[in-house]
Asker: 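The structure's right below; bear with me while I get my questions together.
In each ligand, atom 1 is the first atom listed, and ligand 1 is the first ligand listed. Side chains are part of it too, since the values below use all heavy atoms of this structure and drop only hydrogens, waters and symmetry mates.
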Amino acid sequence: MSVKKLEVPFVDLQTQHTALADEIDASIRRVFSRNDFVLGQELDLFEQEFAAFCGTRYAVGVDSGTSALELSLRACGIGPGDEVITAAHTFIATVQAISYTGASPVLVDVDPHTYTIDAAHIAAAITPHTRAIIPVHLYGQPADMDPILALARQHNLAVIEDACQAHGATYKSKRAGSMGHLAAFSFYPAKNLGACGDGGMIITNDPQHAETLRRLRNHGQSQKHQHVMLGYNRRLDTLQAAILRVKLRYLDAWNDARRAHARRYTEALAASGVILPGVAEYADPVWHLYVIRAARRDALRRHLAEHGISTGLHYPIPIYLQPAYRELGYLPGAFPITECCADEGLSLPMYAELTPPMIDYVAATIHAFARNTDAAGAKTDPTL
Ligand SMILES: *Cc1c(COP(=O)(O)O)cnc(C)c1O
């Protein structure tokens with residue numbers, strides 16, 4: 001290859017934090033001037049600003065995206081004997097949150113183009129025990145919400161959006177997280193909006209849910225010394241909220257940068273033989289991840305690493321084939337699209353600070369691999 005070698009990391013938090021250092025330092029000093037580290041003023045303000053960003057009435061800060069999912073399920077009263085339907089292809093936390101409540105996770109396969117939950121499969125999975133559906137806006141692509149919301153209305157089910165990868169994405173011009181009864185966000189450092197540590201948020205338009213969630217995250221307290229239910233210690237730190245407030249002001253611009261990067265990848269990778277991510281006509285994704293598929297995925301990944309390009313796998317072993325979830329009883333082959341994504345999916349570098357020369361270099365390196373092996377393309381077309 002004649003192209004000059006570049007180092008392209010998979011994520012780059014340093015560039016963002018260097019640019020924001022003064023603003024973040026000032027926000028941390030504000031918290032130290034008040035010493036309100038737990039349930040402090042910056043948390044209140046961040047909750048108001050995040051709710052406004054999403055177009056919902058309430059936002060409740062918690063200590064992780066996993067907690068946001070679990071407490072949302074608990075706020076709906078879901079527990080032992082109940083079934084909750086979610087996507088087979090997701091991060092394991094979605095399924096763990098269901099298990100924590102004592103309810104049974106019921107998995108369904110994803111759509112072969114968008115890799116989000118396939119609404120057509122949900123109807124077949126509904127039983128008299130089903131209480132909720134958790135659509136996952138995976139990789140920053142919104143799931144097809146209208147058929148899901150229709151099924152939920154028909155069967156009286158709660159809809160809890162897993163928006164942990166989709167801060168700012170829209171579905172038919174509505175923000176991810178604003179369509180279900182509740183939605184969970186994660187501020188894990190590498191998410192589109194990332195804390196300097198763990199953090200999460202639940203959004204809702206329902207005042208009853210908001211009040212229950214404020215109690216659940218804070219020892220079940222309705223007011224000081226009044227514990228009206230079994231609660232937890234799951235609050236979002238004031239310091240993290242202060243940092244996240246600074247970053248929230250940049251989120252739309254960062255997401256626009258990711259969109260431009262995705263367009264550039266898509267143009268540059270045309271005719272490279274790999275399968276590119278599909279975007280549904282209803283969606284404006286925020287590209288938390290840009291995931292291609294290649295039949296010789298592992299060889300392509302090694303080739304990219306040899307040329308200084310780091311990539312990720314999301315997720316190489318389906319949840320139901322993990323030792324922790326053998327108990328669910330699903331066999332290999334249960335969800336063909338999920339397994340295709342596990343075998344062939346490759347996440348390319350994606351973050352706002354990525355540069356056009358880096359993207360062109362990644363694309364050129366993939367084209368070179370394809371020329372040398374003529375087998376980069378995914379062998380399995382799961383739609384056939
Ligand atoms: C990150 C993530 C979670 C969990 O969030 P944490 O903050 O790491 O607990 C849940 N679901 C999905 C789809 C995620 O990407």
Asker: Can you tell me the protein heavy atom closest to atom 10 (C) of ligand 1 and the distance?
Answerer: Cys164 SG, 3.6 Å
Asker: Which protein heavy atom lies closest to atom 15 (O) of ligand 1, and at what distance to 0.1 Å?
Answerer: Gln165 NE2, 2.8 Å
Asker: If the threshold is 4.0 Å, N to carboxylate O, is there a salt bridge linking Glu70 and Arg234?
Answerer: yes
Asker: Does a donor on one side chain and an acceptor on the other come within less than 3.5 Å for Gln96 and Tyr325?
Answerer: no
Asker: Assess, by modelled atom type and distance only, whether the side chains of Tyr282 and Asp146 contain a donor and an acceptor separated by less than 3.5 Å.
Answerer: no
Asker: Indicate, with yes or no, if the rings of His167 and Phe185 have centres closer together than 6.0 Å.
Answerer: yes
Asker: Would you check whether Thr90 has a nitrogen or oxygen atom less than 3.5 angstrom from a nitrogen or oxygen atom of ligand 1?
Answerer: no
Asker: Check Asp162 against ligand 1 and report side chain, backbone, both or neither, counting heavy atoms closer than 4.0 Å.
Answerer: side chain
Asker: Counting only heavy atoms closer than 4.0 Å, does ligand 1 sit against the backbone of His288, its side chain, both, or neither?
Answerer: neither
Asker: Suppose we measure from atom 9 (O) of ligand 1 to each protein heavy atom; which comes out shortest, and what is that distance?
Answerer: Thr66 OG1, 2.5 Å
Asker: Would one find an N or O of Gly65, backbone or side chain, under 3.5 Å from an N or O of ligand 1?
Answerer: yes
Asker: What atoms of ligand 1 come closer than 4.0 angstrom to any heavy atom of Val136?
Answerer: 13 (C)
Asker: For ligand 1, note which part of Ala93 has a heavy atom under 4.0 Å away: side chain, backbone, both or neither.
Answerer: side chain
Asker: Return the closest protein heavy atom for atom 2 (C) of ligand 1 as residue, atom name and distance.
Answerer: Lys191 NZ, 2.7 Å
Asker: How close does the nearest protein non-hydrogen atom get to atom 8 (O) of ligand 1, and which residue and atom is it?
Answerer: Ser186 OG, 3.9 Å
Asker: Between the side chains of Thr18 and Gln14, is a donor N or O closer than 3.5 angstrom to an acceptor N or O?
Answerer: yes
Asker: Can you check whether Phe46 and Phe187 have ring centres sitting under 6.0 Å from each other?
Answerer: yes
Asker: Can the ring centres of Phe335 and Tyr320 be said to be less than 6.0 Å apart?
Answerer: yes
Asker: Looking only at the aromatic ring of each residue, does the gap between the centers of His288 and Tyr139 stay below 6.0 angstrom?
Answerer: no
Asker: Under a 4.0 angstrom heavy-atom cut-off, which atoms of ligand 1 come close to Ser64?
Answerer: 7 (O), 9 (O)
Asker: Is the closest basic N to carboxylate O distance between Glu211 and Arg215 below 4.0 Å?
Answerer: yes
Asker: Can you sort out which atoms of ligand 1 are near Thr94, meaning under 4.0 Å from one of its heavy atoms?
Answerer: 11 (N)
